[in-house]
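Since this is a predicted model, take the numbers as computed values, not measurements.
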Amino acid sequence: QVQLVESGGGLVQAGGSLRLSCAASGRTLDTYAMGWFRQAPGKDREFVAAISGSGSFTNYVPSVKGRFTISRDNAKNTVYLQMNSLKPEDTAVYYCAKDRNSLASSREVNYDSWGQGTQVTVST
């Protein structure tokens with residue numbers, strides 16, 4: 001069983017940056033893809049970004065492409081989401097998740113372990 005703990009959320013002005021971290025324990029993650037999802041108030045949870053087990057392939061939702069970067073440090077068992085040029089519509093709880101395999105899927109059903117989430121609030 002893997003435990004995922006997100007950190008790095010907070011309040012930032014539009015145009016600012018945040019870096020989210022997801023630290024894993026209980027299992028090494030280098031053979032699994034990892035993803036970030038988010039859920040805004042009153043909305044369904046949506047895919048944000050994913051990275052393959054090796055880190056060689058990434059996948060992004062179009063609305064964050066060019067602004068967000070997902071990366072991983074398998075030696076530290078940690079996944080990151082660098083968020084730049086933040087917009088108010090990026091406001092949400094951000095969740096880290098582990099995929100069942102090594103592909104960077106955007107499908108929530110492929111993910112079997114989830115963190116508790118970290119709040120990101122972008123003000124105008």
Side-chain angles (χ1 to χ4, degrees):
Q1 186 73 10
V2 63
Q3 291 78 43
L4 303 173
V5 179
E6 303 96 334
S7 61
L11 173 64
V12 63
Q13 287 189 328
S17 298
L18 283 174
R19 188 195 196 201
L20 305 184
S21 298
C22 172
S25 61
R27 175 176 285 187
T28 54
L29 298 180
D30 56 355
T31 59
Y32 299 100
M34 297 293 293
W36 287 95
F37 291 75
R38 66 186 179 186
Q39 186 168 24
K43 295 187 177 181
D44 292 336
R45 188 159 58 187
E46 68 167 349
F47 169 77
V48 176
I51 187 167
S52 62
S54 66
S56 60
F57 179 76
T58 56
N59 187 14
Y60 296 93
V61 67
S63 61
V64 309
K65 202 171 290 187
R67 299 188 297 123
F68 291 10
T69 302
I70 188 171
S71 62
R72 65 191 299 160
D73 184 338
N74 285 339
K76 295 182 178 180
N77 231 23
T78 301
V79 179
Y80 306 96
L81 185 67
Q82 178 67 44
M83 305 186 295
N84 299 329
S85 301
L86 282 161
K87 304 176 181 179
E89 51 263 43
D90 295 318
T91 295
V93 177
Y94 283 71
Y95 298 90
C96 170
K98 170 195 151 300
D99 199 327
R100 289 187 176 86
N101 55 48
S102 62
L103 302 177
S105 172
S106 62
R107 299 184 65 216
E108 189 171 327
V109 68
N110 287 352
Y111 291 81
D112 60 1
S113 296
W114 295 82
Q116 83 289 349
T118 186
Q119 176 71 47
V120 172
T121 303
V122 184
S123 63
T124 56

**Request:** Could you tell me whether the side chain of Asn101 reaches within less than 4.5 Å of the side chain of Tyr32, counting heavy atoms only?
**Result:** no

**Prompt:** Is the shortest heavy-atom distance from the side chain of Thr28 to the side chain of Asn77 under 4.5 Å?
**Reply:** yes

**Full working for side-chain contact (heavy atoms from CB on, under 4.5 Å) between Met34 and Cys96** = CA-CA 7 Å; Met34 297 293 293; Cys96 170; 3.6 Å; yes

**Prompt:** Have Gln82 and Asn84 got a donor and an acceptor in their side chains that come within less than 3.5 Å?
**Reply:** yes

**Prompt:** Less than 6.0 Å separating the ring centroids of Phe37 and Tyr95?
**Reply:** no

Return the [atom1] to [atom2] distance between [X] and [Y], rounded to the nearest 0.5 Å.
X	Y	atom1	atom2	answer
Cys22	Leu4	SG	CG	4.5 Å
Phe68	Leu18	CZ	CG	9.0 Å
Tyr60	Ile70	OH	CD1	6.5 Å

**Asked** Checking side-chain contact (heavy atoms from CB on, under 4.5 Å) for the pair Ser52/Ser102: CA distance, chi angles, key distance, verdict?
**Response** CA-CA 5 Å; Ser52 62; Ser102 62; 5.7 Å; no

**Asked** Is atom CD of Gln13 surrounded by more than 12 heavy atoms (other residues, nucleotides or ligands) closer than 6.0 Å?
**Response** no

**Request:** Inspect the surroundings of CZ in Arg100 and state if more than 12 heavy atoms from other residues, nucleotides or ligands are less than 6.0 Å away.
**Result:** yes

**Trace of the side-chain contact (heavy atoms from CB on, under 4.5 Å) decision for Met83 with Leu20** = CA-CA 8 Å; Met83 305 186 295; Leu20 305 184; 3.7 Å; yes

For the residue pair [X] and [Y], what are the closest heavy atoms and their distance?
X	Y	answer
Ile51	Ser71	CD1-CA, 3.7 Å
Phe57	Ala104	CD2-CB, 3.7 Å
Arg27	Val2	CB-CB, 4.2 Å

**Request:** Inspect the contact between Arg38 and Asp90 and indicate whether a charged nitrogen and a carboxylate oxygen are less than 4.0 angstrom apart.
**Result:** yes

**Full working for side-chain contact (heavy atoms from CB on, under 4.5 Å) between Lys87 and Val122** = CA-CA 6 Å; Lys87 304 176 181 179; Val122 184; 5.5 Å; no

